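In what follows, a single structure is set out as structure tokens and then discussed.
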Amino acid sequence: MSTAVLIDGKAYAEAIRARLAISVGELHDYHHIVPGLAVVLVGQDPASRIYVRNKHKQAEEAGIRSLVHTLPAEVSEDELSTLIEGLNGDREIHGILVQLPLPPHIDTQWIIDCIDPAKDVDGFHPFNVGHLFTRGTGLIPCTPLGCLKLLRRQHPDMSGLRATMIGRSNIVGKPMAQLLVQENCTVTIAHSKTRDLARECRQADIVVAAVGRAEMVRGDWIKPGATVIDVGINRISLEDGKSRLVGDVCFDEAVAVAGAITPVPGGVGPMTVAMLLHNTVLACCRQTHVEPCLHAVGKRMSSGTRCFACNAHERSSC
Ligand code: NDP
């Protein structure tokens with residue numbers, strides 16, 4: 001029985017954050033600029049509080065100035081939009097993130113539309129969504145961007161591969177499917193109305209699962225040797241009264257069939273936060289008209305060029 005390669009998102013995210021910290025140091029030392037990230041948290045949702053604390057901690061560790069604005073759950077749309085407008089005009093803030101979900105009385109899309117697209121480090125503003133589809137220079141949503149980076153390590157060239165994206169949400173499924181199209185994959189987007197999901201998975205060289213259903217994707221849905229990216233985060237109760245996190249893929253079954261697979265936790269999750277920091281540094285460079293460190297923005301160095309932050313030469317990539 002073969003065992004899949006474990007795609008270690010935690011280690012890769014750590015390496016990306018370390019490189020970003022170098023870039024942030026260079027921005028400070030050579031340009032006297034400190035990237036600023038504002039995170040807006042509405043209400044007391046325990047999961048959201050943990051995510052925000054984590055983002056704040058990792059931003060600070062990378063040298064990014066991080067400010068968390070915590071608002072009561074009953075805040076009005078007008079109060080929230082007024083805060084965002086203030087952050088839009090704050091020259092020391094280069095990235096704005098509104099932690100989702102918002103309370104039901106708030107129109108989430110309307111609030112996202114209030115964010116200056118140049119500071120929309122989640123990449124959810126329609127301007128950035130449009131840029132993603134037209135291959136412009138917008139900001140790409142963090143989770144799909146993190147998945148793409150993990151996939152590129154396994155498949156430097158994805159041309160012609162079949163990919164099945166399970167899930168079609170605005171924040172994961174749709175942008176991820178679009179990134180896979182841009183990598184020249186032949187992409188199937190599956191969702192709750194898909195007739196034979198197992199069959200759609202079995203034909204895929206790449207399966208990305210973003211559903212929110214614990215261990216739904218079984219081992220016999222996976223084509224032998226396929227790469228599996230598990231975005232799902234689900235907490236399940238155990239018999240001893242404890243709980244643990246699992247993905248949307250039944251890891252124990254899939255690991256025996258797949259060629260490579262992300263674990264949960266330790267796969268996509270850490271990459272999402274690393275990509276938030278990456279987008280913040282990128283947004284800061286663009287707003288301050290500083291040439292970004294090419295490694296920091298994840299580009300491959302072209303011949304003869306040099307990364308100003310880490311002095312690495314051509315053809316290496318982050
Ligand atoms: P959504 O609930 O917005 O979307 C879920 C998608 O799954 C929908 O498109 C839905 O289809 C589809 N779906 C639901 N049930 C089935 C089914 N039985 N068969 C096939 N498709 C189904 O979730 P998100 O995209 O926001 O998140 C998905 C998961 O990823 C969650 O577990 C979330 O916690 C996790 N997540 C993890 C992140 C990370 O950093 N690791 C970041 C973001 C999310 P339909 O459209 O028809 O309803």
Side-chain angles (χ1 to χ4, degrees), residues 7-10 12-14 16-17 39 45-55 57-59 97-102 104 108-109 112 121-124 129 132 139-151 163-180 187-204 207-218 221-222 228-236 243-251 261-279:
I7 304 174
D8 189 345
K10 187 163 176 270
Y12 190 29
E14 269 171 27
I16 291 173
R17 293 202 314 271
V39 180
D45 178 62
S48 292
R49 284 164 61 106
I50 292 170
Y51 291 143
V52 166
R53 200 185 315 139
N54 203 12
K55 287 168 185 172
K57 180 170 170 281
Q58 294 192 21
L97 179 150
V98 177
Q99 183 67 39
L100 303 181
L102 291 171
T108 300
Q109 190 58 54
I112 289 171
V121 284
D122 253 343
F124 296 160
V129 175
L132 174 60
L139 291 160
I140 298 172
C142 303
T143 301
L145 185 57
C147 293
L148 179 68
K149 285 183 178 284
L150 293 176
L151 275 170
T164 294
M165 175 69 236
I166 318 176
R168 56 176 169 180
S169 69
N170 289 340
I171 64 170
V172 188
K174 283 182 198 153
M176 186 68 229
Q178 182 57 26
L179 291 174
L180 289 164
V187 182
T188 298
I189 305 176
H191 44 75
S192 65
K193 305 291 187 289
T194 296
R195 290 225 170 110
D196 188 346
L197 184 57
R199 187 172 64 94
E200 300 298 344
C201 290
R202 262 183 222 120
Q203 66 175 8
V207 174
V208 182
V211 184
R213 284 175 173 254
E215 301 181 323
M216 184 188 81
V217 178
R218 311 308 304 192
W221 297 16
I222 305 296
V228 178
I229 304 290
D230 191 352
V231 181
I233 304 175
N234 310 285
R235 185 165 289 284
I236 57 167
S243 66
R244 74 180 174 103
L245 292 181
V246 297
D248 291 338
V249 178
C250 180
F251 183 87
I261 187 168
T262 56
V264 177
V268 174
M271 289 297 288
T272 296
V273 185
M275 292 304 102
L276 169 67
L277 308 186
H278 164 285
N279 276 352

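Bear in mind that the values here come from a model prediction, so they are computed numbers and not experimental data. Both ligands and their constituent atoms are indexed starting at 1 by order of listing.
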Approximate separation, where rounding is to 0.5 Å, of [X] [atom1] and [Y] [atom2]:
X    : Y    : atom1 : atom2 : result
T194 : D196 : OG1   : CG    : 9.5 Å
L97  : N279 : CG    : CG    : 10.0 Å
D122 : I140 : CG    : CD1   : 13.0 Å

Quick one: which ligand 1 atoms are inside 4.0 Å of a heavy atom on [X]?
X    : answer
G167 : 6 (C), 7 (O), 9 (O)
L197 : 19 (N), 20 (C)
G269 : 40 (O), 41 (N)
T272 : 39 (C), 40 (O)

Which pair of non-hydrogen atoms, one from [X] and one from [Y], has the smallest distance, and what is that distance?
X    : Y    : answer
A163 : L180 : CB-CD1, 3.9 Å
M271 : Y12  : CE-CD2, 3.6 Å
A210 : M165 : CB-CE, 3.7 Å
P141 : P144 : O-CD, 3.3 Å

Only one of V264, T262, I261 forms a side-chain contact (heavy atoms from CB on, under 4.5 Å) with F251, so which one is it?
->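 Of all the options given, the one that passes is I261.
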Out of N234, V249, D248, which one pairs with V211 under the side-chain contact (heavy atoms from CB on, under 4.5 Å) rule?
->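 Single pass found, and it is D248.
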For [atom], which candidate among [options] provides the closest heavy atom?
atom                    : options                : result
atom 45 (P) of ligand 1 : A209, P265, S192       : S192
atom 9 (O) of ligand 1  : K174, R168, M165       : R168
atom 41 (N) of ligand 1 : L245, V231, I171, T194 : V231

Less than 4.0 Å between atom 27 (O) of ligand 1 and some protein heavy atom, yes or no?
->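 So atom 27 (O) of ligand 1 lacks protein heavy-atom neighbours under 4.0 Å.
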Would you mind checking which non-hydrogen protein atom is closest to [atom], with the distance to 0.1 Å?
atom                    : value
atom 42 (C) of ligand 1 : T143 OG1, 3.3 Å
atom 13 (N) of ligand 1 : V211 CG1, 3.5 Å
atom 44 (C) of ligand 1 : V172 CG2, 4.0 Å
atom 3 (O) of ligand 1  : S169 CB, 3.3 Å
atom 31 (C) of ligand 1 : G212 CA, 3.6 Å
atom 21 (N) of ligand 1 : H191 C, 3.1 Å
atom 15 (N) of ligand 1 : R213 NE, 3.2 Å

Say whether I233, considering both its backbone and side-chain N or O atoms, lies within less than 3.5 Å of an N or O atom on ligand 1.
->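 Yes; the residue has a nitrogen or oxygen that sits under 3.5 Å from a nitrogen or oxygen of the ligand.
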Within the structure, does K193 bring an N/O atom to less than 3.5 angstrom of an N/O atom in ligand 1?
->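 N/O-N/O distance under 3.5 Å: no.
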With V52, which residues qualify under side chain to side chain contact (heavy atoms under 4.5 Å, CB included), at least two apart?
->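 If we apply the side chain to side chain contact (heavy atoms under 4.5 Å, CB included) test to V52, skipping adjacent residues, the hits are V39, L41, V68, Q99.
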With sequence neighbours excluded, give me every side chain to side chain donor-acceptor pair (under 3.5 Å) pair touching residues 208-218.
->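 Checked against side chain to side chain donor-acceptor pair (under 3.5 Å) - neighbours excluded - the pairs reaching residues 208-218 are R218-E253.
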May I ask whether [X] has any heavy atom positioned less than 4.0 angstrom from an atom of ligand 1?
X    : value
G173 : no
A190 : no
M216 : yes

Would you call Q203 and T188 a side-chain contact if the rule is heavy atoms closer than 4.5 Å?
->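 Counting from C-beta outward, Q203 and T188 do come under 4.5 Å.
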